[in-house]
Amino acid sequence: MRQVSHHLATVLAERGLSLRGAAAASGVNRQAIADLLAGRSWPDVATVARLGGALSADLWPPSPR
């Protein structure tokens, strides 16, 4: 899940989005996003999908082939 957190942090930084903005766009609690970024929690699939959809970003790491 570190990769998800890293991808999310990168997207937020590149777009100049705050945690509050990401929370408002995705419907995911701001503290849940902060905990994910800090490595204090692991999001479920639905949370990653909601964040990715709201940010139009692929937060999942590439699958090994």
Side-chain angles (χ1 to χ4, degrees):
M1 282 295 145
R2 278 191 206 160
Q3 290 178 324
V4 171
S5 177
H6 176 73
H7 287 254
L8 176 58
T10 300
V11 169
L12 293 177
E14 286 176 349
R15 298 181 186 176
L17 289 173
S18 65
L19 295 180
R20 188 167 293 178
S26 66
V28 175
N29 180 280
R30 183 196 57 79
Q31 188 61 50
I33 298 171
D35 288 345
L36 165 62
L37 291 171
R40 290 187 296 262
S41 69
W42 303 115
D44 58 20
V45 172
T47 299
V48 176
R50 285 179 19 204
L51 286 166
L55 300 172
S56 298
D58 185 7
L59 301 177
W60 296 107
S63 52
R65 295 189 181 194

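The structure presented is a predicted model; accordingly, all values stated were derived computationally and were not measured.
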List the atom pairs, donor and acceptor, that lie under 3.5 Å between side-chain atoms in residues 27-39 and the rest of the protein, sequence neighbours left out.
{"unit_1": "N29", "atom_1": "OD1", "unit_2": "Q31", "atom_2": "N", "d": "2.7"}
{"unit_1": "N29", "atom_1": "OD1", "unit_2": "A32", "atom_2": "N", "d": "3.2"}
{"unit_1": "Q31", "atom_1": "NE2", "unit_2": "D35", "atom_2": "OD1", "d": "2.9"}
{"unit_1": "D35", "atom_1": "OD1", "unit_2": "R40", "atom_2": "NE", "d": "3.0"}
{"unit_1": "D35", "atom_1": "OD1", "unit_2": "R40", "atom_2": "NH2", "d": "3.0"}

query: Which pair of heavy atoms, one from H7 and one from P61, lies closest together, and at what distance?
result: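 Scanning both residues, the minimum pair turns out to be NE2-CA, 4.4 Å.
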- prompt: What is the minimum heavy-atom distance between A57 and R15, and which atoms define it?
  reply: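 Shortest heavy-atom contact: CB-NH2, 4.2 Å.
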- request: Kindly indicate, with the supporting measurements, whether the criterion side chain to side chain contact (heavy atoms under 4.5 Å, CB included) is fulfilled by L55 and L8.
  value: CA-CA 9 Å; L55 300 172; L8 176 58; 3.6 Å; yes
- prompt: Mind checking whether L12 and L19 have side chains closer than 4.5 Å, heavy atoms only?
  reply: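 Yes. Closest side-chain heavy atoms under 4.5 Å.
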query: Taking C-beta and beyond as the side chain, do W60 and V45 meet within less than 4.5 Å on heavy atoms?
result: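 Yes, close enough: below the 4.5 Å cut-off.
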- prompt: Looking only at atom types and distance, does a side-chain atom of S26 sit under 3.5 Å from a main-chain N or O of A22, one as donor and one as acceptor?
  reply: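 Checked: pair present.
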